[in-house]
Amino acid sequence: MGKPKVGIYGLTGCAGDQLNIINCEDELLKIFDIFEIESFVMASRAKNENVELDVAFVEGSVSTEKDLEHLMEIRKKSKILVAIGHCAVFGGVQSMFMGKEPWIERYKKVYGKENAVTLTPPLEPKPLAAYVKVDAVLPGCPIEKEPFLKLAGKLAHGIVPKVPDFPVCAECKWKENECLLLKGQLCLGPLTNSGCGAICPSMNIPCIGCWGPIAKENWESEALLLLEKGYKPDEIVKRFAIFGGTERAELLKNFLESHQKQESGK
Amino acid sequence: MNREIFIEPVARVEGHGGIEVIIENDRVKEVKVDIFEGPRLFEQLVIGKKPEESVSITSRICAICFASHRLADIYALEKALGIKPSPKTKLLRKLVHYGEMIESHSLHYYLLALPDYFGYPDAISMINRFPDEVMGGLELKKFGNFVMETAAGRRIHGENMRIGGFGRIPTDEELDTLKMKALQLIPTIERGIQLWDQVEVPDYLEEETIFVSVWPEDGSYGFEADTIYVSTGETYPADEYKKVSNERVVQHSFAKRCRYKGKPYTVGALARILNMADRLDGLAADYFKKLYNERWHRNPHYNNIAQAIEILFCLEKMPDLIDAIKEAKYEFVEPTRLTGSGTGLVEAPRGLLIHHSEVKDGLVSYADYVIPTTQNLDDMEKYIRNAAESLLKQKVSEMELPLEMIMRAYDPCISCSVHLVKVIRK
Ligand code: SF4
Ligand code: SF4
């Protein structure tokens with residue numbers, strides 16, 4: 001077997017996930033050694049888009065027709081497609097749930113009118129899975145070096161791993177941090193995917209959820225914890241929505257509101 | 001003969017941009033820098049959010065200059081909320097800013113820009129001929145990242161810089177390690193700067209332009225201020241930024257465009273070093289004087305070497321800065337009001353960055369961000385046009401790289417606004 005052929009691509013986002021791959025200063029040469037990098041335009045001019053890929057890493061959200069076309073092409077030629085970073089996995093801050101106002105209204109406020117830019121039609125930002133099958137995900141805003149290298153190592157051996165589904169709080173407790181939520185700060189640790197090592201609470205800063213939300217089954221009781229602490233549903237949802245992705249933020253909103261109704265009806 | 005050159009995507013810029021050049025009857029008819037990067041509507045995303053949430057959201061505009069975005073947002077919002085940060089906070093922020101300059105400039109100078117001038121597709125391929133330089137570039141980049149990890153919380157999107165202060169203050173030992181490393185790396189960047197001697201800087205694109213940067217009130221060379229300086233001699237207070245930028249929407253780009261008094265202008269390391277040349281000191285001043293010539297005013301390729309000199313500047317300033325941080329008093333400062341407005345001015349590695357925010361009853365009610373790359377786009381088009389006109393006789397395939405190099409010299413952070421060159425010969 002030859003070296004696995006890999007492509008690293010970016011759709012709409014801050015390019016932080018690709019940058020954190022370039023940021024593997026010590027391992028960068030090794031990465032270029034283990035894999036045949038067919039395309040990584042952020043790092044190299046040399047590229048070959050006419051080969052089948054073993055693995056494609058895709059960062060960014062689908063935010064224009066062009067993004068979508070690009071994603072479809074990548075999907076077609078790749079055996080394994082990995083969504084890297086919050087934008088690709090959950091849609092990024094740009095897909096934030098902002099209540100009832102349609103996305104296009106927000107667009108018009110910034111660009112003046114719907115057809116102000118004729119380059120390529122804009123789309124409401126969405127994660128990759130909204131359009132194509134995604135084989136593995138690596139969450140984080142941005143992804144961190146260690147989890148990326150681990151994932152890349154497994155993929156090099158043909159293993160497609162799953163992400164663990166437990167909250168930041170678990171990592172935070174391993175680190176023996178004093179809990180910020182208990183101290184009265186709105187920390188989203190209970191609702192957020194682990195993986196970062198509870199970086200923020202370890203610096204005395206409440207988690208804002210940048211690893212994305214854990215699955216609903218796992219956050220229901222945790223969300224009630226925040227209500228118990230006296231936070232209003234609106235306040236919780238607004239913060240959760242920043243990295244919550246549209247769907248899960250709306251679920252949380254409905255969940256908290258119906259819970260409150262039940263409580264007041266008792 | 002009619003031809004089209006379309007370079008897509010422009011490799012080694014962070015984000016998605018393309019250059020389209022249309023040639024008709026052997027004349028350059030049109031040059032357009034297209035920004036395909038999808039719209040993310042940050043100015044809308046922050047509405048109704050708490051100020052600290054705005055800071056976390058806007059740092060996501062760009063990965064490579066997240067700290068600058070974060071700082072600009074913090075400055076705007078601290079003004080709005082009537083917060084005067086403590087001396088230690090101010091100095092530590094400066095340290096993060098230096099870290100970001102070193103990280104971003106070394107990535108761009110060594111890994112993204114230099115390979116073109118020596119005929120390589122990327123830095124990895126360059127390593128056999130220039131092992132010390134490329135490894136040195138990686139060392140510098142790593143150090144910049146290390147500064148960010150220590151003081152900003154993470155390499156990218158660290159949350160440690162807050163409105164009012166820091167989450168965690170680095171320990172004296174951590175600061176001393178940074179100080180030592182900074183001193184060790186000075187010879188490394190000197191070698192990197194000397195590499196520029198071997199670079200042949202193309203002259204076929206040259207034309208005067210206007211340079212815009214911050215203008216630190218204390219007379220120092222720096223990356224933040226409350227005043228904007230325009231190289232035609234005018235200064236403007238932060239709140240009057242619109243008189244400089246005059247943003248407008250164009251059809252071929254999701255990034256807006258800026259002009260000063262109807263004229264395109266340039267921001268970035270070259271603008272800073274030309275505007276504030278008299279304020280440089282130490283080795284950075286020596287190298288600048290040695291390398292400077294009149295062409296710097298007419299040629300964006302010199303932005304690359306200006307960045308390298310700024311890396312040296314930051315490394316030289318770090319030891320004293322770190323001593324000052326250790327001495328300075330710290331306090332986390334709470335808001336004194338919940339309604340107000342403010343404008344934050346900083347220099348991101350690629351140029352002047354402006355955040356203007358308004359807060360009403362503790363929630364963000366309005367925001368306007370002017371980003372370096374949007375300010376540079378008109379000048380980028382101007383220089384690409386000049387180059388295309390001079391290179392008309394060449395084959396399309398031979399025109400692409402020189403045009404792409406111009407765009408790359410600006411170190412466009414296209415994620416916040418841009419990859420691509422298309423020459424169309426009709
Ligand atoms: S500080 Fe935050 S992340 Fe840590 S245990 Fe408390 S709620 Fe969870
Ligand atoms: S603690 Fe929360 S906000 Fe901080 S890096 Fe981890 S997931 Fe992101």
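FYI, side chains are in, hydrogens and waters are out, and symmetry mates aren't considered; it's all heavy atoms of this structure. Each chain gets a letter, A, B and so on, in the order its sequence line appears, and its residues count up from 1.
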Item to complete: Output, in order, the C-alpha distance, side-chain angles, deciding distance and verdict of side chain to side chain contact (heavy atoms under 4.5 Å, CB included) for A/Cys210 and B/Arg60.
Response: CA-CA 10 Å; A/Cys210 81; B/Arg60 264 73 187 186; 3.4 Å; yes
Worksheet item: Heavy atoms, side chains only, cut-off 4.5 Å: are B/Arg155 and A/Lys145 in contact?
Response: yes
Practice prompt. Could you tell me which portion of B/Ile127 (side chain, backbone, both or neither) has an atom closer than 4.5 angstrom to a non-hydrogen atom of chain A?
Written response: side chain
Item to complete: Output the option from A/Asp17, A/Asn204, A/Val62, A/Ile242 having the highest count of non-hydrogen pairs under 4.5 Å with chain B.
Response: A/Ile242
Item to complete: Give a yes or no on this: more than 12 heavy atoms of other residues, nucleotides or ligands lie within 6.0 Å of atom CE of A/Met203.
Response: yes
Discussion item. Would you say NZ of A/Lys232 has more than 12 non-hydrogen atoms from neighbouring residues, nucleotides or ligands within 6.0 angstrom?
Written reply: no
Worksheet entry | Presence of salt bridge, B/Lys50 and A/Glu235, under 4.0 angstrom | yes
Practice prompt. Give, as side chain, backbone, both or neither, the part of B/Asn145 having an atom under 4.5 angstrom from any heavy atom of chain A.
Written response: side chain
Fill in: Atom pair CG/CD1 of B/Leu112 and A/Ile22 - distance to nearest 0.5 Å
6.5 Å
Worksheet item: Listed by chain and number, what are the ring pair (Phe, Tyr, Trp, His ring centres under 6.0 Å) partners of B/Phe143, not counting sequence neighbours?
Response: none
Item to complete: Please flag which part of B/Glu52 lies under 4.5 Å from any non-hydrogen atom of chain A: side chain, backbone, both or neither.
Response: side chain
Discussion item. Taking the side chain as everything from C-beta on, heavy atoms only, tell me whether A/Ile208 gets closer than 4.5 Å to B/Glu159.
Written reply: yes
Discussion item. Holding to ring pair (Phe, Tyr, Trp, His ring centres under 6.0 Å), I want the full list of residues that pass it with B/Phe118, two or more places apart in sequence or in another chain.
Written reply: B/Phe130
Worksheet item: Top residue by heavy-atom pair count (under 4.5 Å) with chain A, among B/Glu53, B/Arg168, B/Met135?
Response: B/Glu53
Discussion item. Just so I know, are the side chains of A/Pro142 and B/His157 near enough to count as touching, which here means a heavy-atom distance under 4.5 Å?
Written reply: yes
Worksheet entry | Shortest non-hydrogen contact from A/Gly16 toward B/Ala63 | CA-CB, 3.1 Å
Item to complete: Check each atom of A/Cys200 against the heavy atoms of chain B and say whether the ones under 4.5 Å are side chain, backbone, both or neither.
Response: side chain
Worksheet item: Mind checking whether B/Leu363 and A/Lys238 have side chains closer than 4.5 Å, heavy atoms only?
Response: yes
Discussion item. Between A/Glu144 and B/Arg154, does any NZ, NE, NH1 or NH2 come within less than 4.0 Å of an OD or OE carboxylate oxygen?
Written reply: yes
